[in-house]
Amino acid sequence: MTPLQRYIAEEIATDHVEGLLSRREALRRLGLLGMGAPAAVALLASCAESAQQSAPATTAVGASASPSSPPPGTANAVAATPITFPGPEGRTLQAAWAEAAQPRGGVLVIHENRGLTDHIRSVTGRFAGAGYSALAVDLLSEEGGTATFTDQAAATAALSKIPQDRFVADLRAGLTELGRRVPGKRLGATGFCFGGGLTWLLLTSGTPELAAATPFYGPFPDGGQVTGSKAAVLAVYGALDTRVDASRPAAEAALDQAGLPHESYVADNADHAFFNDTGPRYQPTAAAEAWRRVIDWYGRYLG
């Protein structure tokens, strides 16, 4: 398995351990990834054992703020519209685009392992409302687009089978398109979960066109180096997300070695995917503070 495939498989197993997926559904989803039954059962057992060992550190999530509060950034959000643009090797890429009235910069939004969902379209519009024109590439474009998948698990499985080089190429094409739409402006990238990992992958593959990046709870690539990047990085984590947090020291060391401006924000009482207001781990207080920090960060490094 590639590191991203392993990440997706572990996320499925963690969702089962935390009661978000039944055992039957977790095994079905792992099977869609191509994992045999013995390996899938072993993974579920391993994640359950890890959860038991860390149980004293994990407390209730999402109860510290009113769930009726509007998600951060929605008050001034701009409606995102579907577009297509030329991709690598003559392919056509699908995306969501939201244009700021007076753009201060541009932000590439990188989706979770569910594909280009309404939530990611909403985040794209929120950036535009904050003054940053935003583009979210559908990384399942070659497969017909996220909307062609009626089974969310099948969309995740399809993403797991895409070579990492194609992700990087498609995201770089997205940056090129974003730069064309906001000429002369600095560019940033924000990704969530799987997309947070892809944000790190962009940085470690060398993307000098990025002035800033804000990966949310994304795993840092094993042995990754960011010496080819010029981006100022704000890395966002949840204090209860021990699985992804384990890669934080490596990310911080790589950023130190590269001499890049960087900070890490670890949200208290927040787990993986705490920013996603459509998911079960949404933590309003942490989401609001993370959004404030991201917009401040882009204000400093994009304009």
Side-chain angles (χ1 to χ4, degrees), residues 3-4 7-8 11 72 105-114 119-120 123-124 126-127 132 134-137 139 159 164 167-168 170-172 174-175 178 186-207 209-239 241-258 260-267 270-276 281 286-287 289-298 300-302:
L4 284 176
Y7 167 82
I8 291 174
E11 188 164 84
V107 176
L108 182 73
V109 181
I110 309 176
H111 60 65
E112 300 167 324
N113 65 22
R114 296 168 177 81
H119 170 65
I120 295 299
V123 173
T124 304
R126 296 182 213 179
F127 274 120
Y132 300 97
L135 180 76
V137 180
L139 295 171
L159 281 166
Q164 293 186 8
F167 287 138
V168 172
D170 287 359
L171 291 171
R172 282 180 170 161
L175 286 172
L178 185 58
R186 294 176 180 175
L187 305 180
T190 298
F192 301 89
C193 302
F194 171 80
L198 291 180
T199 305
W200 286 120
L201 191 61
L202 264 184
L203 294 171
T204 57
S205 66
T207 48
E209 61 268 46
L210 277 176
T214 59
F216 275 66
Y217 28 74
F220 188 75
D222 294 340
Q225 300 294 324
V226 292
T227 51
S229 175
K230 300 177 182 178
V233 180
L234 170 65
V236 179
Y237 300 91
D241 186 11
T242 56
R243 181 171 64 99
V244 172
D245 285 0
S247 70
R248 180 162 60 91
E252 292 173 343
L255 292 165
D256 282 338
Q257 183 178 2
L260 297 176
H262 67 93
E263 292 180 11
S264 293
Y265 167 54
V266 183
D271 208 335
H272 190 69
F274 72 79
F275 189 81
N276 188 337
R281 296 190 182 99
E289 178 61 16
W291 180 255
R292 184 191 69 78
R293 289 174 182 248
V294 166
I295 297 304
D296 285 352
W297 193 259
Y298 283 152
R300 290 167 60 184
Y301 294 102
L302 296 188

For this session: Apply salt bridge (charged side-chain N to carboxylate O under 4.0 Å, His left out) to Arg292 and list each qualifying residue two or more places apart in sequence or on a separate chain.
Result: Glu289, Asp296

Exercise. Mind checking what makes side chain to side chain donor-acceptor pair (under 3.5 Å) contact with Arg114, not counting sequence neighbours?
Worked result: none

Problem set entry | Which residues share a side-chain contact (heavy atoms from CB on, under 4.5 Å) with Pro249, sequence neighbours left out | none

Exercise. Can you find a heavy atom in the side chain of Val107 that is under 4.5 Å from one in the side chain of Val109?
Worked result: yes

Exercise. So, do Thr199 and Phe192 sit near enough that their side-chain heavy atoms are less than 4.5 Å apart?
Worked result: no

For this session: Using salt bridge (charged side-chain N to carboxylate O under 4.0 Å, His left out) as the criterion, list what pairs up with Asp245, not counting sequence neighbours.
Result: none

For this session: Identify, with sequence neighbours excluded, every residue that meets ring-ring contact (aromatic ring centres under 6.0 Å, His included) alongside Phe167.
Result: Phe194

For this session: Return the set of residues passing ring-ring contact (aromatic ring centres under 6.0 Å, His included) with Tyr265 (not counting sequence neighbours), or none when no residue passes.
Result: none

Exercise. Does any pair with a residue in residues 210-224 pass salt bridge (charged side-chain N to carboxylate O under 4.0 Å, His left out), and if so which ones, sequence neighbours excluded?
Worked result: Arg6-Asp222

Seminar exercise, completed: Residues passing the side-chain contact (heavy atoms from CB on, under 4.5 Å) test with Ala254, sequence neighbours excluded, are Phe220, Val226

Seminar exercise, completed: Those residues at least two apart in sequence (or on a different chain) that pass side chain to side chain donor-acceptor pair (under 3.5 Å) with Tyr298 are Thr190, Thr214

For this session: Report the residues that fulfil ring-ring contact (aromatic ring centres under 6.0 Å, His included) with His272, sequence neighbours left out, ordered by chain and then residue number.
Result: Tyr217

Exercise. Should Arg186 and Glu209 count as an ion pair when the cut-off is N to O under 4.0 Å?
Worked result: no

For this session: Determine which pairs satisfy side chain to side chain donor-acceptor pair (under 3.5 Å) with at least one residue from residues 247-258, sequence neighbours left out, and list them in order.
Result: Arg248-Glu252, Glu252-Ser264, Asp256-His262

Problem set entry | Qualifying residues under ring-ring contact (aromatic ring centres under 6.0 Å, His included), relative to Tyr237, sequence neighbours excluded | none

Exercise. Any ion pair linking Arg243 and Glu11 (charged N to carboxylate O, less than 4.0 Å)?
Worked result: yes

